[in-house]
Amino acid sequence: MCENNKWDSSQIRNYDLDLQPIPRLHYKDPKVDELMKTNQPVLLSGSNIAKPAVDKWTLEYLEENLGKCGHTVYVSKTHKFKYFNREKILSKANPKGVEFTSETKSVEMKVSDFMKKLKEWKQGDDRLYLQQSLNSSVGSAIVKDFMGFEWRYVTEKKIRHGWGELSANLLFIAMEGNCTPCHYDEQENLFAQIKGFKRCILFPPDQFECLYPHPVYHPHDRQSMVDFDEPDYIKFPKFKNVKGFETVVGPGDVLYIPIYWWHHIESLLADGPTVTVNFWYKGGPSCLEYPLKDDQKVSIMRNVEKMLLEVLQDPKEVGPLLRTILLGRYV
Ligand SMILES: O=C(O)C(=O)C[C@H](CCCc1ccccc1)C(=O)O
Ligand SMILES: [Zn+2]
């Protein structure tokens, strides 16, 4: 991890992981497209993709202009904000409505209250993480800045690499030290860092066996079951062999997080709040060419789990049935 005068290694959390650096290229470098075409992560430097935000979105400006209505704020007792999808609990994917508890909860909060709590925060208090879609509810100044993003560049990438439609731009305002544990999304992602620094650890889809995602019906679907702070090597032995990539994004940097790539994201310690805007694009149509790509295999595994849950109804029957298919026949 390269040191520089903006942050030092005491500000990132220490995990025992084999990580290589993610390439950092100028956003106009043609090698960017070679990496994107093969679903490889790349850090785009010097891009103006979210320049109006980088120039203007201080916490004061955001408080002033984000709009008076409530914003979605996650609350956690620890530094970890593990995403929990409540719809999963009573959905048809989990007809038994198995009981789950979440370590984080989400509340509606006015930006002014959120900012006030940020200023008054002290060790031991609940941590907060504002995660809000940039939609029509934001103030007109923010809309104007948003229209000033480099849409020509991101749209050119979307078209060139056959991504689907832009599905969301999410605004993230994190407290220093907040951490989003390792998960994957079914979206292509241009992750534009606006304020502060975030350490991003990424793993390719083929590390699925080492990262042990929760079952598809679980509210923590798509999130790794491994706690990076205290890995349980008995339950998750292959985690010892995981191989990944990492980088630290700063203001003006944009990280391409390819669809189905795992990512763990942490706001640096002792460096104040961070602000990020992401661009989530639906995955493009993928033709089944052989050999299949790793992300296609993850998508197939997800469909097998969903189909089995649909027909078996009881999550507890999925394991035994798969074991019957596998043991002595396929393995
Ligand atoms: O942009 C991304 O994909 C990230 O993971 C950014 C991450 C917050 C994501 C929260 C979340 C996780 C799962 C589902 C929906 C929302 C961060 O920057 O802390
Ligand atoms: Zn994500």
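Of the residues Ile257, Leu255, Val249, Leu202, the one that meets the side chain to side chain contact (heavy atoms under 4.5 Å, CB included) test with Ile265 is Ile257. Among Trp163, Tyr281, Phe245, the single residue meeting the ring-ring contact (aromatic ring centres under 6.0 Å, His included) criterion with Tyr256 is Trp163.
For His264 and Tyr15, the ring centers are positioned less than 6.0 Å apart. When ring centroids are compared, Trp151 and Phe279 come within the 6.0 Å threshold. Ring-centre distance between Tyr129 and Phe81: below the 6.0 Å cut-off. Within the 6.0 Å centre-distance limit, the rings of Phe84 and His220 are counted as a close aromatic pair. Between Phe146 and Phe149, the ring center distance clears the sub-6.0 Å criterion.
Other residues, nucleotides and ligands contribute only 12 or fewer heavy atoms inside 6.0 Å of the NZ atom of Lys117. Counting heavy atoms of neighbouring residues, nucleotides and ligands inside a 6.0 Å radius, atom CD of Glu289 does not exceed 12 of them.
Tyr212 and Phe236 have tilted rings, their planes meeting at an angle from 30° to 60° on a 0 to 90° scale. Ring-plane geometry between Tyr217 and Phe100 is classed as tilted, the angle between the planes lying from 30 to 60 degrees on a 0 to 90 degree scale. Classified by interplanar angle (parallel below 30°, tilted 30° to 60°, perpendicular above 60°), the ring pair Phe208/Trp262 is perpendicular.
Side chain of Tyr153 to backbone of Tyr27: a donor-acceptor contact under 3.5 angstrom is found. No donor-acceptor pair closer than 3.5 Å links the side chain of Glu246 to the backbone N or O of Pro21.
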Show, in sequence, the C-alpha distance, side-chain angles and deciding distance for Glu165 and Lys282, and conclude whether the salt bridge (charged side-chain N to carboxylate O under 4.0 Å, His left out) test is met. CA-CA 6 Å; Glu165 281 317 298; Lys282 289 191 172 48; over 6 Å; no

